[in-house]
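Working notes, structure below.
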Amino acid sequence: MDAMNSVIGYMKHKNAENRGFLKYGYYKRLISYILDLHLDYYTRKIFLKMVKKGYFIKHETEQKTFRYRFNPNPKEEIKEEEENNKLGSITLDFD
């Protein structure tokens with residue numbers, strides 16, 4: 001089992017999606033604990049892969065910082081975003 005699947009499995013088991021939006025530092029410590037890997041570079045790479053695949057929902061705060069929430073079913077979130085984009089798109093034509 002690779003590192004990312006280990007982290008996802010642990011977070012699903014602990015119901016991490018119920019904890020709300022949290023800073024990257026929380027997830028960094030959690031990933032380090034799960035994998036017993038204390039190298040920031042690799043921890044960050046694993047986290048960024050999970051964000052890219054949709055396992056985290058990114059939320060920008062008023063202070064221009066980001067908070068993340070774990071998403072155990074990333075395909076459902078992508079479908080919701082696609083529906084919102086279809087409904088909210090406006091086409092402008094300049095003649």
Side-chain angles (χ1 to χ4, degrees):
M1 187 183 260
D2 66 339
M4 194 169 79
N5 287 335
S6 297
V7 172
I8 293 167
Y10 181 87
M11 294 178 92
K12 283 182 179 179
H13 176 71
K14 292 293 186 176
N15 294 325
E17 66 271 12
N18 295 333
R19 297 178 190 212
F21 287 96
L22 300 169
K23 293 181 180 181
Y24 162 72
Y26 170 79
Y27 292 109
K28 179 179 122 178
R29 284 182 274 143
L30 187 61
I31 292 169
S32 296
Y33 169 75
I34 294 166
L35 301 176
D36 196 25
L37 176 70
H38 301 285
L39 300 171
D40 291 339
Y41 175 76
Y42 294 112
T43 305
R44 183 75 177 174
K45 282 190 80 151
I46 292 167
F47 180 78
L48 290 176
K49 280 184 189 177
M50 292 175 69
V51 170
K52 186 176 180 180
K53 291 190 177 205
Y55 283 102
F56 286 101
I57 300 168
K58 193 174 182 181
H59 175 71
E60 188 173 1
T61 64
E62 294 175 4
Q63 293 84 15
K64 303 297 181 194
T65 59
F66 293 101
R67 302 284 174 125
Y68 303 90
R69 185 178 65 154
F70 180 68
N71 179 21
N73 302 314
K75 294 178 184 174
E76 291 178 6
E77 181 66 29
I78 292 169
K79 288 179 185 176
E80 290 176 10
E81 287 178 8
E82 288 175 359
E83 289 175 8
N84 291 338
N85 289 338
K86 288 179 185 176
L87 296 175
S89 64
I90 299 172
T91 305
L92 298 175
D93 293 328
F94 296 101
D95 294 324

Crowding at CD, Gln63 (>12 non-hydrogen neighbours, <6.0 Å): yes
Interatomic distance, Ile34 atom CD1 to Ser6 atom OG [nearest 0.5 angstrom]: 8.5 Å
Contact check, side chains of Leu30 and Met11, non-hydrogen atoms, under 4.5 Å: yes
Heavy-atom side-chain contact between Thr43 and Ser32 under 4.5 Å: yes
Leu37 side chain reached by Ile31 side chain, heavy atoms, under 4.5 Å: no
Working for side-chain contact (heavy atoms from CB on, under 4.5 Å), residues Arg44 and Lys28: CA-CA 7 Å; Arg44 183 75 177 174; Lys28 179 179 122 178; over 6 Å; no
Sub-4.5 Å side-chain heavy-atom contact between Met4 and Met50: yes
Heavy-atom side-chain proximity of Leu48 to Lys52 below 4.5 angstrom: no
Heavy-atom side-chain proximity of Arg29 to Tyr33 below 4.5 angstrom: no
Single-linkage hydrophobic cluster Ile8~Ile57, side-chain heavy atoms < 4.5 angstrom: no
Check: Glu17 and Pro72 side chains under 4.5 Å, non-hydrogen atoms: yes
Residues, nucleotides or ligands: over 12 heavy atoms within 6.0 Å of Phe66 CZ: yes
Reported NZ-to-CG distance for the pair Lys12 and Asn71, which is rounded to 0.5 angstrom: 9.5 Å
Exceeds 12 heavy-atom contacts within 6.0 angstrom, atom NE2 of His13: no
Taking every non-hydrogen atom, the tightest pair across Gly54 and Pro74: O-CB, 3.2 Å
Pairs touching residues 42-62 that satisfy ring pair (Phe, Tyr, Trp, His ring centres under 6.0 Å), sequence neighbours left out: Phe21-His59, Tyr24-Phe47, Tyr27-Phe56, Phe47-Phe56, Phe47-Tyr68, Phe56-Phe70
Contact check, side chains of Thr65 and Glu60, non-hydrogen atoms, under 4.5 Å: no
Same cluster (ILVMFWY, side-chain, under 4.5 Å), Leu22 and Ile46: yes
Under 3.5 Å side-chain donor-acceptor pair for Asn5 and Asp2: yes
